[in-house]
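These numbers come from a predicted model, not from an experiment.
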Amino acid sequence: MSVNDAERAVGYTFKNKDLLRLALTLPSASCENNQQLEFFGDAILEFIVSELIFADGGSEGEMTDRRKVLVSDAALAKVSQKLGLDKLLIRSQSDTANKKAIPSAYEAMVAAIYLDGGMEAAKKFVLSTLDFNENKPELENFKGKLQEKLQSGGYPCPEYIKTDIGTPQKHKFKVTLKLFGKEFTAEADCIKAAEQNAARAALEHLNKKDGKL
């Protein structure tokens, strides 16, 4: 393995080159291998991914599902192969069928970069290599659709009344939408999701009336 090739692949120059070698060394090649780095990198990666998903918003279930997809073996194997880490692995000649080694190399590399350059360096690596948009769910904009429908009929935008009904340990919000004397209420783990769900309920009601306002 060429250290320069590996650094070019990951886009990071190591101060401690031994960390780079260790991140790419499999158990079949040495008793000093990347298994501990893989364990640590898995936790660091989940934190970085969770932080970005949290900033995007969504319910707890939606965020959990999105994180599972982003840090799955399939996703990490894909990015490892794109970076060429699979070709840089240090392994024994007989070790040719270890498919888990490919996604694990990415996790180990995250830990190695973190130990060498800190959290900001690890974040930069993850954000520049994982495709967060590819696995980002496309949420239908019910608020926008409701607003367009009302404005087309000359009606003002509705008011969304927001109430925090959660606890310090678990956030939960209730949103009530008042429209033509009726109330449409929804609850969710974040305000945006609750607003969208209330707007969807109002739209469904209007559609049942054949779109008549």
- Item | Straight-line distance of Glu46 CD to Ser50 OG, nearest 0.5 Å | 6.0 Å
- Lys172 side chain reached by Glu187 side chain, heavy atoms, under 4.5 Å: yes
- With no hydrogens and no angle check, is any side-chain donor or acceptor of Ser72 less than 3.5 Å from a backbone partner on Ala75? yes
- Message: Working to the nearest 0.5 angstrom, can you tell me the gap between Ile53 CD1 and Thr64 OG1?
- Response: 8.5 Å
- Yes or no on side-chain contact (heavy atoms from CB on, under 4.5 Å) for Arg66 and Leu52, after CA distance, side-chain angles and deciding distance? CA-CA 11 Å; Arg66 188 177 170 206; Leu52 187 139; 4.3 Å; yes
- Derivation of the side-chain contact (heavy atoms from CB on, under 4.5 Å) call for Leu130 and Leu76: CA-CA 8 Å; Leu130 283 188; Leu76 298 186; 4.0 Å; yes
- On a heavy-atom basis, the closest approach of Ala194 and Val175 is CB-CG2, 3.5 Å
- Euclidean distance, Leu22 CG relative to Gln36 CD, rounded to 0.5 Å: 8.5 Å
- Item | Joint cluster assignment, Phe180 & Leu177, ILVMFWY side-chain distance < 4.5 Å | yes
- State, yes or no, whether a side-chain contact exists between Val10 and Thr129 at a heavy-atom distance under 4.5 Å. no
- Query: In terms of hydrophobic clustering (I, L, V, M, F, W, Y; side-chain heavy atoms under 4.5 Å; direct or indirect links), are Ile102 and Leu37 co-clustered?
  - Reply: no
- Task: Kindly compute the distance separating CE (Met109) from CG (Asp116), expressed to the nearest 0.5 Å.
- Result: 11.0 Å
- Message: Return the CD1 to CD distance between Ile113 and Glu120, rounded to the nearest 0.5 Å.
- Response: 13.0 Å
- Side-chain heavy atoms of Met119 within contact of Phe47, under 4.5 Å: yes
- Looking only at heavy atoms, what is the nearest atom pair of Ala186 and Asn197, with distance? CB-CB, 3.5 Å
- Message: Could you tell me if the side chain of Lys182 sits less than 4.5 Å from the side chain of His205, heavy atoms only?
- Response: yes
- Query: Taking side chain as C-beta onward, heavy atoms only, is Phe125 less than 4.5 Å from Val110?
  - Reply: yes
- Item | Evaluation steps, side-chain contact (heavy atoms from CB on, under 4.5 Å), between Thr25 and Asn34 | CA-CA 6 Å; Thr25 301; Asn34 66 3; 5.6 Å; no
- Message: So Phe14 and Val3, do their side chains get closer than 4.5 Å, heavy atoms only?
- Response: no
- Task: Write down the atom of Ser104, the atom of Glu38, and the distance for their closest heavy-atom approach.
- Result: OG-OE2, 3.2 Å
- Task: With rounding to the nearest 0.5 Å, note down the distance linking NZ in Lys87 to OG in Ser80.
- Result: 11.0 Å
- Using modelled atom types only, decide if a donor and an acceptor are shared between the side chain of Asp42 and the backbone of Phe39 within a distance under 3.5 Å. no
- Assess whether atom NZ of Lys100 is packed by more than 12 heavy atoms of other residues, nucleotides or ligands within 6.0 Å. yes
- Item | Shortest non-hydrogen separation from Arg91 to Leu26 and the atoms involved | CB-CD1, 3.7 Å
- Message: Tell me whether the rings of Tyr114 and Phe40 are parallel (<30°), tilted (30 to 60°) or perpendicular (>60°).
- Response: perpendicular
- Task: Measure the shortest side-chain to side-chain distance between Gln151 and Cys157 over non-hydrogen atoms and say whether it is less than 4.5 angstrom.
- Result: yes
- How far apart are the closest heavy atoms of Ala111 and Ile44, and which atoms are they? CA-CD1, 4.0 Å
- Message: Is it the case that over 12 heavy atoms from other parts of the model lie below 6.0 angstrom from the NZ atom of Lys15?
- Response: yes
- Item | Full working for side-chain hydrogen bond (donor to acceptor under 3.5 Å, both in side chains) between Thr176 and Glu183 | CA-CA 6 Å; Thr176 300; Glu183 289 188 355; 5.2 Å; no
- Task: Evaluate the criterion side-chain contact (heavy atoms from CB on, under 4.5 Å) for residue pair Lys17 and Glu7; output intermediate values, then yes/no.
- Result: CA-CA 9 Å; Lys17 309 298 183 184; Glu7 288 181 332; 2.5 Å; yes
- Item | Any Phe173 side-chain heavy atom under 4.5 Å of Thr163 side chain | no
- Closest non-hydrogen atoms of Phe142 and Gln196, given as atom of the first, atom of the second and distance, are N-OE1, 2.7 Å
